[in-house]
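Excluded from the calculations below are hydrogen atoms, water molecules and symmetry mates; all remaining heavy atoms, backbone and side chain alike, are included. All chains are named by letter (A, B, ...) in the order of the sequence lines, taking the proteins before the strands, and each is independently numbered beginning at 1.
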Amino acid sequence: MAKTPWQEFSKGLIKENPVLRLVLGTCATLALSTSANNAIGMGLATTFVLVGSNTTISLLRKVIPDRVRIPCYITLIAAFVTIVQMLIEAFSPDLKAALGIFLPLIVVNCIILGRAEMFANKNKVLPSILDALGMGAGFTAALLSMGIIRELLGSGTVFGLPVTAGFLDPIIIFLLPPGGFFVFGLLIAVANKLAERKGGAPAELGCCAGCPFSAACAGQSAQKEDEKEETAK
Amino acid sequence: MIKGLIAIFLASILTENYVLNKFLGICPFLGVSKKLDTATGMSVAVTVVMVIATAATWPIYTYVLQPSGLEYLQTIVFILIIAALVQMIEIILRKYIPSLYNALGIYLPLITTNCAVLGVTVLVIEKGQADASFGFVQAMVNAFGSGIGFLVAMVLFAGIRERIENNDIPKSLRGLPITLVAASLTAVSFLGFQGLVEGMLG
Amino acid sequence: MNEILNPVLLVAGIGLLAGLILAVVSIVMAVPKDEKAEAIRAMLPGANCGACGFSGCDGYAKALSSGEAKPGLCPVGGAAVTKSISEYLGCDAGETETKVAVVHCLGSYDFTSDKVNYEGIRTCAGAAIVAGGVASCQYGCMGLGDCMRACEYGAITVSNGLAVIDPKLCRGCSKCIQACPKHLIHFVPFWQQAVVLCSNCDKGADTNRICKTGCIACKKCERTCRFDAIHVVDNHAVVDTAKCTGCGECAKACPRHCIKMLADM
Amino acid sequence: MADKLIVSSSPHFRSGITTRKIMLDVIAALFPSVIAAVILFGPQALFLIAVSVFTCVASEYISRRIMKRENTIGDLSAVVTGILLAFNVPVGINPFALAFGGVAAIVVVKQMFGGIGQNFVNPALTARIILMSSFPSQMSTWAVPFYYLHQTDAMTTASPLNILKTGADGTMPTLLNMFVGVRAGCLGETCSVALILGGVYLVLRKVISPVIPVCYVGTAALISLIAGRNVAFDVLAGGLLLGAIFMATDYATSPITFRGKIVYAVGAGIITMLIRIYGALPEGVSFSIILMNIMVPHIERLTRPRAFGKERAKQ
Amino acid sequence: MKLNVKEVARPALTLFVICFVMTLLLALTHQLTKNQAEQIKRQSEAQSQKMVLTEATSFETKDNAYAVGKNGGKVVGYVFTTKSKSYGGDISVMTGVSKAGKVTGVVILSSNDTPGLGLNAEKDSFRDQYKQAVPQNGFTVIKSGTAKSGQIEALTGATITSKAVTSCVNQALAAYQKVKGGD
Amino acid sequence: MELNFPAVPFRTHGGADVPHKKNTAHIESAVMPPPAQVVLPMQQHVGAPCAPLVKVGDAVAVGQKIADSKAFVSAPIHASVSGKVSAVRKVMLPGGQYTDALVIDSDGQMTPFSGIRPPVVETAEDLVAAARESGLVGLGGAGFPAHVKLKIPEGKHIDTLIVNVAECEPYITADHREALEDSWAVLSGVYMIRDLLHVDRVIIAVENNKPDVIAELKKIADNPERDPEDRVRVLALRARYPQGAEKVLVKACTDREIPIGKLPADVGCLVMNVTSVAFLAKYIKTGVPLVNKRVTIDGSAIANPQNVIDPIGTKIADVIAFTGGYKTEPKKMLMGGPMMGLALASDQLPILKQNNGILAFDEAEARLDEPTACIRCGRCVSGCPMQLIPTQLEQFSNAKNVPKLIEYDVMDCMECGTCVFNCPAGRPLVQAIRLGKAMVKAGGKK
Ligand SMILES: Cc1cc2nc3c(=O)[nH]c(=O)nc-3n(C[C@H](O)[C@H](O)[C@H](O)COP(=O)(O)O)c2cc1C
Ligand SMILES: Cc1cc2nc3c(=O)[nH]c(=O)nc-3n(C[C@H](O)[C@H](O)[C@H](O)COP(=O)(O)O)c2cc1C
Ligand SMILES: Cc1cc2nc3c(=O)[nH]c(=O)nc-3n(C[C@H](O)[C@H](O)[C@H](O)COP(=O)(O)O)c2cc1C
Ligand SMILES: Cc1cc2nc3c(=O)[nH]c(=O)nc-3n(C[C@H](O)[C@H](O)[C@H](O)CO)c2cc1C
Ligand code: SF4
Ligand code: SF4
Ligand code: SF4
Ligand code: SF4
Ligand code: FES
């Protein structure tokens, strides 16, 4: 089922959007969507790491033994994250302040390990890069749309430029954690609706699917146990 | 000192709640909170790993990385340590305390890639940098408190999810969207704790 | 140079250590997995319906791998799954029979009516515990759709007071059979044959009073059948699926039109 | 007999009490406070109540329509939510902000979770907190009672709890004034007499059990006593009475078990006083109730009554 | 169970090599960006100081408590870092005071207050209010109406934060009274 | 053991103030002439169904045993009219189950069966045997064969006999009239059971909305001749539904709580309906088995509400026609009271042994509001005499969550209907609970 390069890239934008369809990397999504600027910063940083890790993992996919696959991936990812950290530190202290703790936490962003596990270690380098770019772009786009909504409603600005000043008071709750959860929930509902029209299933929390440990994953095994109980009845 | 520790502990539950205020560990919060018992199991496992991870990373940072000016290795070293630790804990539990393994073991692998664990190790270092009086003990209390805060959020949310499970929810909101809206309303209620801990103990 | 060497050695050391420990430990502590069962589990459809008689797909997979069960018990997966499992296990696929569920009742509002005006929980189970159900025929379909809600494959439609199963969509999971409080749904083999769409055990006269299409046990079908495949038992006709050839003569003969050919449904 | 008989499961008799009648009773109980609000804060108060009730009812109607569900505005619960929301805001609030709160209360908190009885937090109070964190200055700007009788139109003051907490300037009202409602505060919270009157009516009509209000106010008073504060002041100040009588008793969001109600009310009392004494905000009634709302599933689980004839030991 | 050397060694070595290479990469990047980063870091600390005391070109930290700003060897003012309790916990403020005792600038170093509310104190329009004649008993906060001299108009909806910042500035002014005259 | 008589009833949980509507309390019962036909289902009791002892075409006389079973938990059935067995056919019971029934065409003579003889009852065993022969089932509505209850298990002692004259259901006054019209029988039944079973005290429990019954029974109960030690007393209960329910009644009279799944005998009590007690006395005096029954005919669609003593097996339509027919077309008919009675699919069903009332309602009273969403008001919880949480039981039942149903004690529900009566949303709680119980039972079997 070979895909054209464009398909490889574009699937991350809509159909398999990591945030809205696969629901990966929720923490960063919620925390850094208070403004459009933060969203773009985070999106680009993550894309960089994603491309780096996908490329190297795809290159090394035949070399890395299964037993230490995960530590190897994590090391690779952590290295790229650190590089991004250093670059941002060196060139944009403001962005560093804005991203804060979530910059090092890119390491554990499920998108990256998820793509490594689901894509890069099964595919050649070029598709892996395209996949990474697409996923990164999808992540950035989703973050940006959330960022724009929350910034617009919560501060009355977009990219820091006043928009609604004068006729609409900012509704600060959109900047606070409740607003983050709420906007995220509605966006997923909208994405579900759109996907439904195309015959897709509603989004489920994707961490499990993307997670290399999914076989042992709590959510799934707990669910399975439930089902078992039910059928046993 | 004790007062300060209590303040750190309470703050990490109420005002700096990882899930509801800081947006860390959202995946398990949304994913494993469907049932009360899984929510509790996961949170206990997270708490254990948080404490052990902090106990391991804090000394390494303060006594190895920082003196040699290698702060920039923080991320890579921490994540390696956490990954190895979690695996070790899992293996040890499975071998020697199977009962505990059966209760918590299934959650352990999930925790390696949990923001909250890496988050707590990084955040306590940050706090220690900003405040000289924030030492190892404080870091440990903070880690433990964050775990308990995670537990509180998980348990409360699990109760709500069990309650709304049979609700007549509009079709397009079913599943993840309504869970997020419920999380939003839960987070609303945590807005009121601001200043409480400082007021009581500060 | 130390600035470069130190970190490299530090991290590489940790890496080496971690790698060694993990490698050793994962070998030493490896837990034997039932790979066979897992492979089979992956082939099963995962509907966990229990129609195979085991506790869900996991249970069946386990039983298959240990040789306690034969392939071909999973109706949902059907022949394809059976084939792949038997290939995997290297055993004979055995007789596999695709079954579909049929509602043995034709009593829509065109032919019969409700005996009462039911108020309460709008489920068949709910109605069944109030005055014995809503339908005039105590054996017949109440049309409140418990079976429809039980079916995960959308095979059942309820309209005009009667549930009808589309045999082409039915996957044979038996959920509806368990759901129907009137025990009206039974499996029949999925091939051309006659099915009697009535379950009324009352005498012909009584049946005639309440339902215009119910079997009145006139035995015309019994006499028509050249293969001895249809008999009146308990005041209604019953097809012996082993003998039925699907010739369709009984259906033509039935004055009440309550025998249908499965292919026409 | 020509027609078919109706059959249904027993019982075939009903008390005749309906959701709508209950809500009518609550509206009646709120009526004295509505009058007090209009007397204290002028016609604008009436206007705000109307705006709030209208948006609540309209958003209930519209959201049910959109969800293709049967129309439920007839049960009048949206009216109760509307009145209570208006009671929870100062008279100076922008009516559009209030309308935003009404929409949030009904659509987000109530209808998204399936409508009446299925919401897990109090709609009016959640809306209040949303408003408070979204428009804090409007929500903490208090008009002087009877300001509308004076010439100057901008007469604001600090609320008693605010004076106590932050030392904001303003004069403390006398206890009598606090009792009859001549003090700064939200529309419906100041007149304690009217609130108590409504509460007594609800208890007499058996709409609410007195357990929650009594335990809630009692706990708060006890803590106030222990902390060496002015007990009468603490009871009358802020939204305590309104919260205890009308909002903590909301059916959907309070425990249905008897012992659960006690635990819930005591918990709310404790949190209220903790926030009042130690928190950054001067008042904690809303947060305490919402927090306890969130704990209700657990409270109910842990306070389930012992079924008749069930061995005590097993519990 | 037997331990096959190869089975153990290969994974361990792979991980080792990956760690080795990646850390090498890191160390190199660090070398490359180190100076730049430090420069920026130093800059940003100095930047804050410079922002609150524009006239100064160099700063000299005294007693680990405050900095003296100089321009060409001449003392032009002082920079104080003070703390106060605000809505979401402690808030930390850097205040520049000119030699003459006027507030030259205020910067919020750290704050846990609410975005959109307390964090609005970082806006210039609020901070610039302090650049006025210093009243006898320090600045006071008013909630509404137009500020008279010596008064600070509170941020809308964030009186607590406004008071906290003002308290920090007043602390700085008090500290200035103690140190003024020193070199 | 020294046993005291409570001056006032003990506290019971919950309950509801249902309207009493005892319209027929002061109207003399009418005796119905033999109908043209009676239908006698083979199952009018809890337990094993009976098998006919007669064939189609046989002539039978009033009081002749026409069906019996070998099982202990069962009760024989007697012909209630004299005439000819004309058919055996399937009939539907009010609960919807189908069972065989003997149809007897009456000859209008009401010839008594020649074999009728008063039994000799001198010991407790005699009493059990007599009760069984009489065909008596619990007339309080449950239909549990009386002899099973009267057979006190080895090693158990019954210290308290409670005569249930609560009659807490609205409309129904059959027990009320029985206590007034046959008060002598009630008292002699009481003394007989007291003496044969060596009961220490007898509490005749009457709801205080029947002052005439209290007065009447007190007059005889306080008779020092028959009751020298004053061990029989009348207790006025609060008129609050469901005081008549066994568990509630035992609690109200003795402050004892019957454990889940246990019987009154396990706490030393025997609860008997007043008509059951009176019938036993009459049977032992005359030997005429249970062949007729006092039934309250009432409801908004009934022209002349009254109590009717009619042969068991009479078609409901015939009884109603006897009282003067319908006032308006009935829209809903109940066998039993409005709280626990069964809705009937038609008025062609026969009167059964344990029937105490037939109610027919017109359109206005028949229609109940459609249920709306539960508002979690807690009325069902505070009203439940069994201290259950009906609203959650309903949810668990709807979600088919059997473990939760068990955890929340669904089997403890006695289906009294208090919860639904109180519910402002009109939730079908009892129906859901009944489905839930069925699920638990089905789950238990597997
Ligand atoms: C039910 C209810 C709950 C309230 N909860 C809060 C709260 O949690 N936090 C708050 O700042 N104000 C709350 N208020 C509003 C305060 O009562 C308001 O700030 C009040 O005017 C201050 O009290 P005072 O007038 O006694 O000083 C609430 C009002 C009501 C009616
Ligand atoms: C969610 C939330 C966040 C708040 N954040 C701040 C804040 O950052 N700074 C502040 O001074 N007050 C904050 N407040 C307090 C309110 O603005 C409160 O109304 C204030 O203490 C009194 O209003 P005033 O500033 O008009 O006197 C917050 C309140 C809420 C509910
Ligand atoms: C809710 C409920 C209400 C009852 N009400 C009465 C009643 O009013 N009178 C009565 O005799 N039995 C009533 N019973 C039946 C009694 O529990 C008990 O079965 C009966 O009194 C036993 O006497 P018996 O076996 O002679 O019928 C009621 C049962 C239930 C569950
Ligand atoms: C006693 C009582 C108190 C109520 N209190 C509230 C309230 O505080 N807030 C609210 O939005 N609705 C209230 N309602 C109305 C209604 O129950 C509420 O909208 C439900 O939460 C909707 O599910 C109340 C109703 C009653 C009967
Ligand atoms: S539930 Fe559906 S798929 Fe399953 S047997 Fe019935 S009709 Fe077939
Ligand atoms: S077939 Fe059975 S379950 Fe289906 S609608 Fe008819 S009665 Fe109900
Ligand atoms: S009485 Fe009705 S509305 Fe009230 S809690 Fe029970 S089921 Fe819900
Ligand atoms: S019917 Fe059952 S649940 Fe309802 S009140 Fe009666 S005993 Fe309780
Ligand atoms: S992104 Fe934070 S836990 Fe998954």
Side-chain angles (χ1 to χ4, degrees), chain A residues 23-32 70-71 74-75 77-79 81-82 85-86 89 100-102 104-105 107-110 113 173 176-190 192-193 196 202-208 211-213 215-219 221-223 226, chain B residues 19-32 34-35 37-38 41-42 45 72-80 82-84 87 105-110 112-119 122-123 126 172-188 190-191:
Chain A
V23 200
L24 299 167
T26 43
C27 296
T29 309
L30 288 168
L32 292 170
I70 303 304
I74 290 182
T75 318
I77 296 169
V81 170
T82 312
Q85 255 179 307
M86 291 191 287
E89 205 163 328
I101 174 90
F102 289 94
L105 287 187
V107 178
V108 283
N109 189 327
C110 322
L113 206 53
I173 191 116
L176 305 179
F181 281 117
F182 182 70
V183 174
F184 193 28
L186 288 199
L187 276 185
I188 290 187
V190 171
N192 277 351
K193 196 98 198 163
E196 193 189 22
E204 286 287 341
L205 198 64
C207 264
C208 293
C211 173
F213 306 104
C217 166
S221 48
Q223 236 169 340
D226 286 352
Chain B
V19 177
L20 296 172
N21 295 74
K22 283 194 149 49
F23 285 136
L24 288 170
I26 302 295
C27 298
F29 176 67
L30 298 176
V32 199
K34 239 194 218 138
K35 290 255 154 63
D37 43 354
T38 50
M42 179 73 185
Y72 65 90
L73 289 182
Q74 190 192 32
T75 311
I76 193 164
V77 169
F78 278 20
I79 191 71
L80 266 176
I82 292 173
Q87 291 238 351
I106 47 170
Y107 306 110
L108 282 172
L110 202 66
T112 317
T113 50
N114 179 319
C115 316
V117 175
L118 183 60
V122 175
L123 277 175
E126 246 177 40
S172 50
L173 288 176
R174 276 184 210 154
L176 211 44
I178 200 68
T179 309
L180 283 161
V181 177
S184 158
L185 297 182
T186 311
V188 164
F190 266 63
L191 291 176

Toward chain A, the part of B:Leu185 with a non-hydrogen atom under 4.5 Å: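 Nothing of B:Leu185, per the 4.5 Å heavy-atom cut-off to chain A.
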Mind listing the closest non-hydrogen atom pair of B:Ser172 and B:Pro177 along with its distance? O-CG, 4.2 Å
Please identify, among A:Val81, A:Leu105, A:Ile77, the residue contributing the most non-hydrogen atom pairs under 4.5 Å to chain B.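 Max contact count across the listed options: A:Leu105.
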Who among A:Val190, A:Thr82, A:Val183, A:Leu30 has the most heavy-atom pairs with chain B under 4.5 Å? A:Leu30
Partners passing side chain to side chain contact (heavy atoms under 4.5 Å, CB included) against B:Leu80 (at least two apart in sequence or in another chain): A:Thr75, C:Val11, C:Ile14, E:Cys19
Does any heavy atom of chain B fall under 4.5 Å from the side chain of A:Ile173, the backbone, both, or neither of them? side chain
Do the non-hydrogen side-chain atoms of B:Leu24 and B:Val19 ever get within less than 4.5 Å of each other?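 No, too far: nothing below the 4.5 Å cut-off.
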Heavy atoms, side chains only, cut-off 4.5 Å: are B:Phe29 and A:Thr26 in contact? no
With A:Phe181, which residues qualify under ring pair (Phe, Tyr, Trp, His ring centres under 6.0 Å), at least two apart?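 For A:Phe181 the ring pair (Phe, Tyr, Trp, His ring centres under 6.0 Å) partners, ignoring immediate neighbours, are B:Phe23.
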With a 4.5 Å cut-off on heavy-atom pairs, point out which of B:Leu123, B:Leu173, B:Ile178, B:Leu73 contacts chain A the most.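 Option with the greatest count: B:Leu123.
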